[in-house]
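So that the names make sense, note that chain A is the first sequence line, chain B the second, and so on, each numbered from 1. In what follows, every heavy atom counts, from backbone to side chain, and hydrogens, waters and symmetry copies are set aside.
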Amino acid sequence: MAELTIGRRHVPLGNPGKALFTDPTTTKSDLAGYYRTVATVMLPHLRERPLALQRFPDGIGSAGFFQKRRPDNAPDWVPGARVPREGEGDTVEMICCPDEATLVYLADQAVVTVHPWLSRADRPRHPVRLVVDLDPPGDDFDTVRFAALALRDLLGELGLPAYPMTTGSRGMHVMVPLVGRQDVDEVRRFARGVADVLAARHPDRLTTEMRKDRRGGRLLLDVMRNAYALHAVAPYAPRPLPGAPVATPLDWDEVDDADLTARRYTVRSVPGRIDRVGDPWGRVDRHARILSTAARRLRSWR
DNA sequence: GTTCTCT
DNA sequence: AGAGAACAACGCTCA
DNA sequence: TGAGCG
């Protein structure tokens with residue numbers, strides 16, 4: 001049992017040499033080291049937001065699982081946040097991750113991917129992120145880049161900034177930072193409207209049809225995660241795939257590069273990338289928007 | 001990864 | 001004491 | 001109500 005000292009916390013790390021990923025082998029200790037290295041750029045995207053944790057205690061070759069509730073056996077310094085369940089009455093306590101020590105605790109729990117809510121725990125019905133997931137059929141990343149650029153342009157017509165990220169699996173996310181004025185139902189309605197307009201502009205390549213057997217080889221513009229208590233993969237989160245690919249925030253000029261892929265950046269390469277270019281999403285919250293003007297403009301088009 | 005049950 | 005099993009999510013849409 | 005989906 002290894003133990004890492006982070007500030008005044010002593011965080012245990014069991015089975016530090018256990019391989020969690022293949023190609024190349026990446027151990028629990030490697031994962032903890034990765035989290036420590038990226039903490040500075042990753043934590044601002046997690047702070048205050050309830051987390052769904054995707055855990056793989058036996059490595060990514062075995063079935064993992066989602067964990068949403070804060071377990072009673074978590075160290076008392078790992079913060080929880082009590083949020084209402086959708087529907088009525090009861091609440092659930094979820095984990096929040098405000099600091100590096102908690103990030104290493106998550107590594108010890110074999111958390112490969114963290115999925116933050118799109119809202120903060122103190123205002124759970126008012127998202128501070130709008131996310132469109134670009135989910136291609138197969139591995140057609142040219143269509144992903146096309147959709148991302150087309151979506152950026154459409155959001156620009158609506159007066160909204162947009163930020164791109166590889167997901168580390170097959171597609172990309174395009175994110176709009178929000179101040180939290182609109183509630184979750186308004187945000188979802190707006191996101192659906194934007195996706196419908198974009199799909200209508202490019203009906204041969206894009207669709208909003210959720211069912212796989214009706215997509216007809218088109219890329220899915222998925223806005224379903226803009227709902228209460230749903231979440232999106234965090235910036236800089238590794239994904240449970242060979243090579244330990246990472247969801248990586250980008251600058252828009254990188255989306256023009258025909259060599260870009262969803263799995264371009266990994267646990268091995270992201271620290272060097274951050275040294276070179278910093279965090280392309282480092283200032284997103286300063287550009288948070290209210291949706292009212294954009295929503296009015298969108299309605300006027302339809 | 002942790003907890004519980006069965007030998 | 002050790003092996004093995006159980007357990008660890010959820011909201012929305014369409015049929 | 002449940003299967004499908006992410």
Side-chain angles (χ1 to χ4, degrees), chain A residues 1-2 11-20 27-29 31-32 49-75 78 80-81 83-88 90-95 104-119 124-125 127 129 131-137 144 165 167-174 183-192 195-196 207-215 218-234 237 239-241 247 262:
Chain A
M1 171 85 70
V11 187
L13 193 72
N15 294 311
K18 178 184 265 188
L20 294 183
T27 64
K28 237 172 98 173
S29 177
L31 180 64
R49 292 159 62 183
L51 301 180
L53 309 174
Q54 199 179 359
R55 299 178 51 196
F56 294 83
D58 298 317
I60 62 165
S62 303
F65 55 91
F66 275 88
Q67 177 179 326
K68 308 197 118 168
R69 304 193 185 176
R70 182 184 187 283
D72 290 333
N73 62 351
V78 170
V83 290
R85 285 224 252 181
E86 182 62 317
E88 215 32 53
D90 56 344
T91 62
V92 190
E93 179 164 48
M94 310 219 15
I95 282 188
V104 173
Y105 164 74
L106 296 183
D108 183 51
Q109 294 295 299
V111 173
V112 167
T113 310
V114 300
H115 302 260
W117 281 26
L118 303 187
S119 53
R125 299 203 59 88
R129 297 281 186 267
V131 173
V132 181
D133 178 19
L134 311 178
D135 185 17
V144 176
M165 173 172 84
T167 62
S169 56
R170 292 180 12 215
M172 290 179 64
H173 282 183
V174 172
D183 76 19
V184 64
D185 297 315
E186 291 178 77
V187 173
R188 189 172 78 251
R189 199 177 311 125
F190 176 78
R192 184 181 323 186
D196 286 341
T207 181
T208 56
E209 176 57 63
M210 287 298 293
R211 295 185 72 102
K212 273 182 173 167
D213 55 9
R214 293 189 197 170
R215 289 182 206 161
R218 294 169 294 176
L219 176 146
L220 171 64
L221 299 166
D222 177 15
V223 297
M224 289 305 306
R225 63 194 66 257
N226 297 284
Y228 183 76
L230 293 190
H231 40 74
V233 60
R239 307 308 302 273
L241 293 169

Arg215(A) near the nucleic acid: base, sugar-phosphate alone, or nothing, with a heavy-atom cut-off under 4.0 Å? sugar-phosphate
How many whole angstroms separate atom CG of Asp222(A) from atom P of dC10(C)? 19 Å
Compare side-chain N and O positions of Arg192(A) against OP1 and OP2 of dT13(C) and report whether any pair is under 4.0 Å apart. yes
Does the side chain of Val131(A) come within less than 4.5 Å of Leu118(A)'s, by heavy atoms? yes
Atom CG of Asp108(A) and atom P of dA8(C) are separated, to the nearest Å, by 20 Å
Answer yes or no: are there more than 12 heavy-atom neighbours, outside Asp213(A) itself, under 6.0 Å from its atom CG? yes
Could you tell me the separation between the CG atom of Asn226(A) and the P atom of dT13(C), rounded to a whole number of Å? 12 Å
Considering just the side-chain nitrogens and oxygens of Arg214(A), establish if one lies under 4.0 Å of OP1 or OP2 belonging to dA15(C). yes
For Asn73(A) and dT3(B), what is the distance between atoms CG and C1' respectively, to the nearest whole Å? 9 Å
Heavy atoms from C-beta onward define the side chain here; which of dA8(C), dG1(B), dG11(C) lies closest to that of Ala110(A)? dG1(B)
Looking at every strand, decide which applies to Tyr228(A) at a 4.0 Å heavy-atom threshold: base, sugar-phosphate, or nothing. sugar-phosphate
Roughly how far apart, to the nearest Å, are dC5(D) and dA9(C) at atom C1'? 14 Å
Quick test of your reading of the model: are Asp135(A) and Arg215(A) salt-bridged, counting only N-O distances below 4.0 Å? yes
Can you identify which nucleotide, out of dT13(C), dC10(C), dT2(B), has its nearest atom closest to the Arg188(A) side chain? dT13(C)
Integer angstrom distance from the P of dC4(B) to that of dA8(C): 13 Å
Could you tell me whether Asp90(A) and Arg85(A) make a salt bridge, using a distance below 4.0 angstrom between a side-chain N and a carboxylate O? yes
Dump the intermediate steps for side chain to side chain donor-acceptor pair (under 3.5 Å) on Thr167(A) and Ser169(A), then the final yes or no. CA-CA 5 Å; Thr167(A) 62; Ser169(A) 56; 3.1 Å; yes
Under a 4.0 Å heavy-atom criterion, DNA chain D is touched by chain A from dG4(D) to dG6(D)
Is it true that Lys68(A) and Glu93(A) have a side-chain N and a carboxylate O under 4.0 angstrom from each other? no
What's Asp58(A) touching, base or sugar-phosphate or nothing? Going by heavy atoms closer than 4.0 Å. nothing
Look at the rings of Phe66(A) and His115(A) and say which category their plane angle falls in: under 30° parallel, 30 to 60° tilted, over 60° perpendicular. tilted
Whole angstroms only, please: what is the CZ-P distance between Arg85(A) and dA9(C)? 9 Å
Rounded to the nearest angstrom, tell me the gap between atom CG in Leu53(A) and atom C1' in dC10(C). 14 Å
Considering every strand and a 4.0 Å limit on heavy-atom distances, what is the contact class for Ala52(A): base, sugar-phosphate, or nothing? nothing
Looking only at dT13(C), dG1(B), dC12(C), the nucleotide nearest the Asn15(A) side chain is dG1(B)
